[in-house]
Amino acid sequence: MNPVEKSQIGKIDPAKLPVHVAIIMDGNGRWAKKRDLPRTDGHEAGVSAVKRVVKVSAQIGIKILTLYTFSIENWKRPREEVTSIMRLLTRTTRHEIDELNRNNVRLITTGQIEGLSFTRRQVLQSAMEKTKNNNGLLLNLALNYGGRTEIIDAVRAIAKGVKSGHIKPNEIDEKLFANYLYTAGLPDPDLLIRTSGEKRLSNFLLWQTSYTELYITDVLWPDFDEDDLIKAIVNYQMRERRFGKV
Ligand code: IPE
Ligand code: IPE
Ligand code: MG
């Protein structure tokens, strides 16, 4: 991996860093197709991009990086592709624990982790356990994640609370609601990057992105590198966030 040149990182204003960056890592299949390779090879190449981006995010001082890794809808892909993505996830998680620790990265997940197989859950849980004392970058993998399902799950939990008398209907506000989402405790993303040019959210962080700055690049995820991340952050820093005000 090439170390990022200081001059590149120097383009970023450290006083205006996005605290939380979220990425829809898209285009692995198209990257492979362009090379006449199986889609699986695209996912393999995508893992290298993940490693680059995690490392440089930690180096820049980003606090939270949420990566859309597998959506609930992705189960609808051919079984072989799903299996190979899941295998890749387990293998990479196992292999990268030392590197995460070297970079002071703590791993967490967002999504219906109970929907993954026992072994995969164990590997993830062990990696979370082994990195839990790191206080640099928080790497949040959105896994078996769907924004609408997340909202429904929150509504169900709140409804139960109301039924049992723990929650009064008039206590339900944005803050309480956010505490019932999978992302409870995390600030909303400041910057959302989507690679490969698609201009949609694909059911990602629907509640949390209401005031997030969007950055779409044509670069396919396996080609996304340190400079592309820096470019996105510099672009974000030129924007004026108004949150409905003047
Ligand atoms: C993103 O790349 C990886 C996952 C959704 C798991 P894709 O596999 O969606 O790549 P394209 O969109 O087919 O190019
Ligand atoms: C979104 O990408 C999901 C992930 C990146 C994990 P998709 O490739 O699944 O999204 P669509 O199908 O183009 O909307
Ligand atoms: Mg895609």
Side-chain angles (χ1 to χ4, degrees), residues 1-2 4 8 12 18 20-57 60 62 64-89 91-92 96 109-111 139-150 188-206 208-210 212-239:
M1 195 183 306
N2 295 329
V4 192
Q8 282 293 7
I12 296 174
H20 184 175
V21 176
I23 308 184
I24 302 176
M25 311 183 286
D26 198 15
N28 294 354
R30 276 162 283 172
W31 183 94
K33 194 169 182 205
K34 258 174 50 180
R35 288 164 178 76
D36 254 328
L37 294 168
R39 292 179 58 85
T40 335
D41 288 26
H43 298 310
E44 293 258 6
V47 170
S48 304
V50 170
K51 292 184 201 167
R52 287 195 291 270
V53 166
V54 168
K55 194 167 181 181
V56 72
S57 297
I60 292 169
I62 303 291
I64 307 163
L65 177 68
T66 296
L67 300 179
Y68 203 5
T69 307
F70 193 84
S71 75
I72 289 185
E73 290 73 25
N74 287 149
W75 292 110
K76 295 176 194 154
R77 294 188 178 198
R79 212 177 71 193
E80 314 80 68
E81 180 172 347
V82 170
T83 310
S84 78
I85 293 173
M86 287 296 160
R87 279 206 190 114
L88 198 54
L89 169 73
R91 199 176 72 206
T92 310
E96 290 304 308
T109 61
T110 283
L139 172 61
N140 179 25
L141 299 184
L143 271 174
N144 199 16
Y145 176 86
R148 286 188 173 179
T149 307
E150 177 185 38
D188 290 341
D190 300 293
L191 169 64
L192 171 65
I193 300 170
R194 183 163 188 154
T195 57
S196 90
E198 306 297 355
K199 295 171 187 70
R200 53 179 174 261
L201 283 176
S202 301
N203 207 14
F204 190 43
L205 302 177
L206 298 181
Q208 297 88 338
T209 50
S210 53
T212 301
E213 294 295 328
L214 309 179
Y215 179 88
I216 291 162
T217 169
D218 286 334
V219 174
L220 303 175
W221 178 250
D223 292 326
F224 195 84
D225 66 11
E226 293 86 348
D227 286 350
D228 292 313
L229 181 69
I230 291 168
K231 233 190 259 170
I233 295 173
V234 169
N235 182 289
Y236 161 86
Q237 293 187 324
M238 293 185 313
R239 305 194 191 174

Any R91 side-chain heavy atom under 4.5 Å of L88 side chain: yes

Is there a donor-acceptor pair under 3.5 Å between the side chain of N28 and the backbone N or O of A45? no

Less than 4.5 Å apart, side chain to side chain, heavy atoms only: is that true for I85 and F70? yes

Working to the nearest 0.5 angstrom, can you tell me the gap between I60 CD1 and I12 CD1? 4.0 Å

Do V21 and Y236 have side chains that get closer than 4.5 Å, going by heavy atoms? no

Within residues 67-80 or reaching into it, pairs that qualify as salt bridge (Lys or Arg N to Asp or Glu O under 4.0 Å) - sequence neighbours excluded: R77-E81

Please walk me through it: do T69 and V50 pass side-chain contact (heavy atoms from CB on, under 4.5 Å)? CA-CA 10 Å; T69 307; V50 170; over 6 Å; no

For D41, the side-chain contact (heavy atoms from CB on, under 4.5 Å) test, sequence neighbours excluded, returns L37, P38

Taking only residues two or more places apart in sequence, or in another chain, which ones meet T212 in a side-chain contact (heavy atoms from CB on, under 4.5 Å)? P189, L192, T209

Heavy-atom nearest pair, S84 first then T40, reads OG-CG2, 3.1 Å

Which distance, rounded to the nearest 0.5 Å, do you find between the CG of L201 and the CG of L214? 6.5 Å

Closer than 3.5 angstrom, by distance alone: can the side chain of Y215 be matched with the main-chain N or O of I233 as a donor-acceptor pair? no

Interatomic spacing from NZ in K231 to CG in D228 - rounded to 0.5 Å: 5.0 Å

In a table with atom names and distances, give each donor-acceptor pair under 3.5 Å that connects a side chain of residues 216-223 to protein atoms at least two apart or in another chain.
unit_1 : atom_1 : unit_2 : atom_2 : d
T217   : OG1    : V219   : N      : 3.1
W221   : NE1    : G46    : O      : 3.0
D223   : OD1    : W31    : NE1    : 3.0

Is it the case that the side chain of N74 and the backbone of S71 share a donor-acceptor pair, with hydrogens and angles ignored and the cut-off at 3.5 Å? yes

Chi angles and distances behind the side-chain contact (heavy atoms from CB on, under 4.5 Å) call for D188, H20: CA-CA 7 Å; D188 290 341; H20 184 175; 5.9 Å; no

Please step through side-chain contact (heavy atoms from CB on, under 4.5 Å) for the pair L205 and Y145, ending with a clear verdict. CA-CA 9 Å; L205 302 177; Y145 176 86; 3.6 Å; yes

When you look at CZ of R148, are more than 12 heavy atoms from neighbouring residues, nucleotides or ligands closer to it than 6.0 Å? no

In this structure, CG of D26 is separated from CZ of F204 (nearest 0.5 Å) by 11.5 Å

Report the residues that fulfil side-chain contact (heavy atoms from CB on, under 4.5 Å) with I72, sequence neighbours left out, ordered by chain and then residue number. Q112, N144, T149

Got a sec, which residues hit side-chain contact (heavy atoms from CB on, under 4.5 Å) with R200, two or more places apart in sequence or on another chain? R194, E198, S202

Nearest 0.5 Å please: distance from the OH atom of Y68 over to the CG atom of L143. 10.5 Å

Does CZ in R239 sit with more than 12 non-hydrogen atoms of other residues, nucleotides or ligands closer than 6.0 Å? yes

The reported gap from CG in L65 to CG in L229 (rounded to nearest 0.5 angstrom) is 8.0 Å

Between A232 and I193 the two heavy atoms that sit nearest each other are CB-CD1, 3.6 Å

Among H43, K51, E44, which one satisfies side chain to side chain contact (heavy atoms under 4.5 Å, CB included) with V47? K51

